[in-house]
Amino acid sequence: MLFDSHAHYDDDRFALEFEGGTDGAIAKATREGVSYIVNVGSNIETSKNSIALAEKYSFIYAVVGIHPSDAQRLTADKIDSALYEVERLAAHEKVVAVGEIGLDYHYDYLDKERQAYFFDAQMAIARKVHLPVVIHTRDAFGDTIDILNRHPDITGVMHSYSGSAESARQLCDRGWYISFSGPVTYKNANKVKEAAAIVPSDRIMIETDCPYLPPVPHRGEINYSGYMKHTCQAVADIRGITFEEAARITCENASRFFGISL
């Protein structure tokens, strides 16, 4: 039983590149042993799409929120209405978290103040609606932790983790979860593999982040949940356990984190 804890099936690439589009990818994934999928929004439109997908499939759940890069694109007159809409969407019965939210300092054009405002505001929304959060952080770990420290009562997951083993240990010590995606299968991803080795068994999750970050041996292809078996096997090998055990613990952890009954 595989649980894809982070996917983007509303992405246009599925219609363009995958036989059968989104529905074809989802059907194929279920044949590959995927039992649950969490589809994650990055803005208001994709958050609504995630809910629509969750309404269509009983085994798909939605996460709603505004990604830091999308936050930068909003004009000033749209800020309040966007945050109001996140809170409204978060009340849907199949929404299981707020996200993906956070900070992204990777690109040259940055509005750190805008990103931080949206991050902090959506953490407050998560508290108000009693949901966990899905965090995106890139080249901004220190500032991310500073904002998380303002909300010590909120639990979350660091999705597609790429940080150090020590940072992962610190996050787990505060009750957070760590999710690994395709890069854990990459030959030179030593830092990610070291983190995957030390995360406690009750705090580790796996994901695809599809259509992005396909695992070995599918690099260069469009990613989908059926390829998560490679990520699961890599995690199993790193931790010295069987594939079945890795699938079981990551599924149980995702179920507990998102509040989904298996």
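Please read these numbers as outputs of a predicted model, since none were measured by experiment.
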- Task: Would you check, one step at a time, whether the test side chain to side chain contact (heavy atoms under 4.5 Å, CB included) holds for Ile37 with Tyr9?
- Result: CA-CA 10 Å; Ile37 298 169; Tyr9 277 109; 3.9 Å; yes

- Task: Carefully, step by step, assess Asn223 and Arg13 under the rule side-chain hydrogen bond (donor to acceptor under 3.5 Å, both in side chains).
- Result: CA-CA 10 Å; Asn223 197 9; Arg13 285 185 61 188; over 6 Å; no

- Let me see the working for Val98 and Val134 under side chain to side chain contact (heavy atoms under 4.5 Å, CB included), right down to the final yes or no. CA-CA 6 Å; Val98 173; Val134 175; over 6 Å; no

- Task: With side chain to side chain contact (heavy atoms under 4.5 Å, CB included) as the test, would you mind laying out the steps for Asp4 and Val38 before giving the verdict?
- Result: CA-CA 6 Å; Asp4 187 352; Val38 171; over 6 Å; no

- Evaluation steps, side chain to side chain contact (heavy atoms under 4.5 Å, CB included), between Cys232 and Met228: CA-CA 6 Å; Cys232 185; Met228 200 171 61; 5.5 Å; no

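Taking the side chain as every heavy atom from C-beta outward, Ile135 and Glu100 never approach each other to under 4.5 Å. The side-chain heavy atoms of Val192 and Phe180, taken from C-beta on, include a pair separated by under 4.5 Å. At least one side-chain heavy atom of His136 sits less than 4.5 Å from a side-chain heavy atom of Pro68. For the pair Ser179 and Tyr161, the minimum side-chain heavy-atom distance is 4.5 Å or more. Side-chain contact between Phe3 and Met205: absent, with no pair of heavy atoms (C-beta onward) separated by less than 4.5 Å. In this structure, Val157 and Phe257 have side chains that are in contact, with non-hydrogen atoms separated by less than 4.5 Å. The closest side-chain heavy-atom distance from Thr208 to Leu213 is not below 4.5 Å.
Contact detail for Ala116 and Leu103: the closest heavy-atom pair is N-CD2, 3.9 Å. The minimum heavy-atom distance linking Ile26 with Phe59 is given by the pair CG2-CZ, 3.7 Å. In terms of heavy-atom proximity, Pro215 sits nearest to Tyr227 at CG-O, 3.5 Å. Of all non-hydrogen atoms in Tyr36 and Cys251, the two that sit nearest each other are CD1-SG, 4.5 Å. Ile204 approaches Asn253 most closely through the heavy-atom pair O-ND2, 2.8 Å. Annotation for Gly41 and Ser47: closest pair CA-OG, 3.8 Å, computed over non-hydrogen atoms.
Annotation: salt bridge (charged side-chain N to carboxylate O under 4.0 Å, His left out) contacts involving residues 226-252, sequence neighbours excluded, comprise Glu32-Lys229, Glu245-Arg248, Arg248-Glu252. For residues 111-124, the salt bridge (charged side-chain N to carboxylate O under 4.0 Å, His left out) pairs, not counting sequence neighbours, are Asp120-Arg150. Residue pairs satisfying the salt bridge (charged side-chain N to carboxylate O under 4.0 Å, His left out) criterion with at least one member in residues 84-98, sequence neighbours excluded, are listed as follows: Lys48-Glu85, Glu85-Arg88, Glu87-Lys128. Within the structure, no pair that satisfies the salt bridge (charged side-chain N to carboxylate O under 4.0 Å, His left out) test touches residues 191-217, not counting sequence neighbours.
Residues satisfying the side-chain hydrogen bond (donor to acceptor under 3.5 Å, both in side chains) criterion with Ser181, sequence neighbours excluded, are Ser160. Evaluation of the side chain to side chain contact (heavy atoms under 4.5 Å, CB included) rule for Asp10 yields His8, Asn39, Thr46, Asn49, Ser50 as partners, not counting sequence neighbours. By the salt bridge (charged side-chain N to carboxylate O under 4.0 Å, His left out) test, Asp104 is found to be paired with Arg138, residues two or more places apart in sequence or in another chain being considered. The side-chain hydrogen bond (donor to acceptor under 3.5 Å, both in side chains) check on Ser81 picks up nothing, with sequence neighbours excluded. Residues satisfying the side-chain hydrogen bond (donor to acceptor under 3.5 Å, both in side chains) criterion with Ser35, sequence neighbours excluded, are absent altogether. Residues that satisfy the side chain to side chain contact (heavy atoms under 4.5 Å, CB included) test with Asp173, not counting sequence neighbours, are Arg169. Ala234 pairs by the side chain to side chain contact (heavy atoms under 4.5 Å, CB included) definition with Val184, Thr185, not counting sequence neighbours. Among residues two or more places apart in sequence or in another chain, the side-chain hydrogen bond (donor to acceptor under 3.5 Å, both in side chains) test is passed with Tyr186 by none.
Ile222 and Val34 fall within a single hydrophobic cluster, where Ile, Leu, Val, Met, Phe, Trp and Tyr side chains are chained together by heavy-atom contacts under 4.5 Å. Val129 and Met123 end up in the same hydrophobic cluster when Ile, Leu, Val, Met, Phe, Trp and Tyr side chains are linked at under 4.5 Å. Linking Ile, Leu, Val, Met, Phe, Trp and Tyr whenever their side-chain heavy atoms come within less than 4.5 Å leaves Leu53 and Val63 in two separate clusters. Linking Ile, Leu, Val, Met, Phe, Trp and Tyr residues whenever their side-chain heavy atoms come within less than 4.5 Å places Phe141 and Ile101 in a single cluster. If you chain together hydrophobic residues whose side chains sit under 4.5 Å apart, Ile147 and Leu110 fall into the same group.
The CG atom of Asp143 lies 8.5 Å from the OG1 atom of Thr137; values are rounded to the nearest 0.5 Å. Ile260 contributes atom CD1, which lies 6.5 Å from atom OG of Ser255 (distance to the nearest 0.5 angstrom). Distance OG/Ser225 to CD1/Ile206: 10.5 Å, rounded to 0.5 Å. The CG atom of Leu148 lies 5.5 Å from the CZ atom of Arg174; values are rounded to the nearest 0.5 Å. The CZ atom of Phe118 sits 5.0 Å away from atom CG of Leu74, with the distance rounded to the nearest 0.5 Å. With rounding to the nearest 0.5 Å, the separation of CD1 in Ile178 from CG in Leu171 is 4.5 Å.
Checking side-chain atoms of Thr144 against main-chain N and O of Ala140 turns up a donor-acceptor pair under 3.5 Å. Under the 3.5 Å distance criterion, the side-chain polar atoms of Thr30 are matched with a main-chain donor or acceptor of Ala27.
For Tyr61 and Phe258, the ring centers sit 6.0 Å or farther from each other.
In this structure, Glu166 places its CD atom where more than 12 heavy-atom neighbours from other residues, nucleotides or ligands lie under 6.0 Å away.
Tyr177 and Arg256 are linked by a side-chain donor-acceptor pair at a separation below 3.5 angstrom, with hydrogens and angles left out of the test. Using modelled atom types and a 3.5 Å distance limit, the side chains of Tyr212 and Asp11 yield a donor-acceptor pair.
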